[in-house]
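Contents: one structure, followed by commentary.
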Protein chains: 2
Amino acid sequence: MGKGEETRQTILDEALSLCSRIGVSGLSIGALADKAGMSKSGLFAHFGSKEELQIAVLREGQQRFVDTVVRPALKQPRGVARLRAILTNWLDWTRRAQLPGGCPMNAAANEFDDQPGPVRDAVEAGLADGRRLLANAVRLAVEAGELRPDIDVEQFVFEFTGIVLVAMQNQRLFREKDANRRALDAFERLVRDYAVQQKE
Amino acid sequence: MGKGEETRQTILDEALSLCSRIGVSGLSIGALADKAGMSKSGLFAHFGSKEELQIAVLREGQQRFVDTVVRPALKQPRGVARLRAILTNWLDWTRRAQLPGGCPMNAAANEFDDQPGPVRDAVEAGLADGRRLLANAVRLAVEAGELRPDIDVEQFVFEFTGIVLVAMQNQRLFREKDANRRALDAFERLVRDYAVQQKE
DNA sequence: TGCTTTTTAGCACGACCGTTCGTTTCCTGT
DNA sequence: ACAGGAAACGAACGGTCGTGCTAAAAAGCA
């Protein structure tokens, strides 16, 4: 890895942590350059525009999400266990990934849902990736015989995502300690409803 | 209502619609003054600081939320019907309230959850109000004999909020037409699980 | 080593930011 | 109609924004 790639990576690390606190649009090149210990223009040269920087940061965040949430969950067997692992990993992935300010992608989704352009496209693509991934895990649970074959996968993903979103809001805004427990309870209820009939 | 109050109100209307698109922190006094057709300093005088403006906007948004979502739902009888009305009103309240850019309070919740200060406090207080209100409606449904007496009210509110959050993200970011249907389906499942036993 | 390419710094730019101040215009009550 | 106060304005402030341009420094390679 050449010098360029190296500093680019440290910039992205710093940018990710900064933007987790103040958001993707709040991220400013000057402030980021200070954090990274280099000049504005030197940093700028790595990306060419602020938009490119924002997109690069989101991509970096997504990769770290995969590394922190998805990959470890693959060690669980296919089915509900893996879904549960995804949930629990997801619930505190920002802490484990050293992003004290919350999920950058989620923040970006709220900031850019009304601002057409490449950044919004990147956010949409990123979240769509997550949905596909989740849908796959649900289908595996069906194949494993743990969830009903006639399940509406998209509906399951919808409700699963809702649990994650409200848990994050509760723990981030209200600093509630039991948000994760509530999320798990909701998950178990969700699974119970969509589980294969044990006998009527 | 004196002249001052009058223009202050038109400013807040304009500010609310603007901030629904670009967020509370993205709201700039210059841009807002242009929209309102007055000078920066003239507008500024009404609030004294940007922070005060932001808080005033959030308060205005909250009142409009009550007028658009809560008040109409009170026409429904206490119980599940009223809860369902709250949900359906909530799902498209930003359209009916002429806020094309989504719920300002939710946007602010994501922007300010890491930025201590009066604005964050206002957001937290506002959302806490909503939770209390929702919890009350749930308790009325219990009293009406439609939900189990041993229900965990906070848990119900938690899951209800999750449904709303994911529905909004889906309709705003993915422009999905069936987000509302999915939300209603999820709601009915929620209610079914917590309904009084019809007979075992 | 020297040479070429890549990477970084310095500086300046126009634009916009929130805010202050002094002035002018408008409204209101008598 | 007029005085007094409220409301709006225009100009300016110190800053920061993103973005170019040019030169120096560093890195990679012969």
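The chains referred to below are lettered A, B, ... by the order of the sequence lines, with proteins before strands, and numbering in each begins at 1.
Residue pairs meeting the salt bridge (charged side-chain N to carboxylate O under 4.0 Å, His left out) criterion with at least one member in residues 117-138 of chain B, sequence neighbours excluded: A:Glu176-B:Arg131, B:Arg120-B:Glu124, B:Asp129-B:Arg132. Residue pairs meeting the salt bridge (charged side-chain N to carboxylate O under 4.0 Å, His left out) criterion with at least one partner in residues 73-90 of chain A, sequence neighbours excluded, are A:Arg84-A:Glu188.
Between A:Asp193 and B:Arg189 there is a salt bridge, since at least one side-chain N of the basic residue sits less than 4.0 Å from a carboxylate O of the acidic one. Using a 4.0 Å cut-off between charged nitrogen and carboxylate oxygen, B:Asp13 and B:Arg64 count as a salt-bridge pair. Residues B:Glu159 and A:Arg182 are not paired through a salt bridge, judged by the lack of any N-O separation under 4.0 Å between the basic side chain and the carboxylate.
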Discussion item. Between B:Gln171 and B:Asp92, is the side-chain hydrogen bond (donor to acceptor under 3.5 Å, both in side chains) condition met? List the steps.
Written reply: CA-CA 10 Å; B:Gln171 71 184 199; B:Asp92 59 351; over 6 Å; no
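Residues satisfying the ring-ring contact (aromatic ring centres under 6.0 Å, His included) criterion with B:Phe156, sequence neighbours excluded, are B:Tyr194.
Here the shortest heavy-atom pairing between B:Val157 and B:Leu134 reads CG1-CD2, 3.9 Å.
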Discussion item. Just to be sure I follow the notation: if a pair is Watson-Crick (purine N1 to pyrimidine N3 plus N6-O4 or O6-N4) or a G-U wobble (N1-O2 and O6-N3), each under 3.5 Å, what dot-bracket string does DNA chain C give, with | for pairs to another strand?
Written reply: .|||||||||||||||||||||||||.|||
Item to complete: Produce a footprint string for nucleotides 6-19 of chain C: one letter per nucleotide, 5' end first; B if the base is under 4.0 Å from any protein heavy atom, S if only the sugar-phosphate is, - if neither.
Response: -SBBB------SBB
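Among A:Lys50, A:Glu111, A:Gln54, the single residue meeting the side-chain contact (heavy atoms from CB on, under 4.5 Å) criterion with A:Val119 is A:Gln54.
By the 4.5 Å heavy-atom criterion applied to side chains, B:Phe160 and B:Val138 are not counted as neighbours.
Taking atom CG of A:Leu32 as the reference point, atom C1' of D:dC17 lies 14 Å away to the nearest angstrom. One can place CD of A:Glu6 at 15 Å from P of D:dA26, the figure rounded to the nearest angstrom.
Scanning residues 108-124 of chain B for heavy-atom distances under 4.0 Å to DNA chain C yields an empty list.
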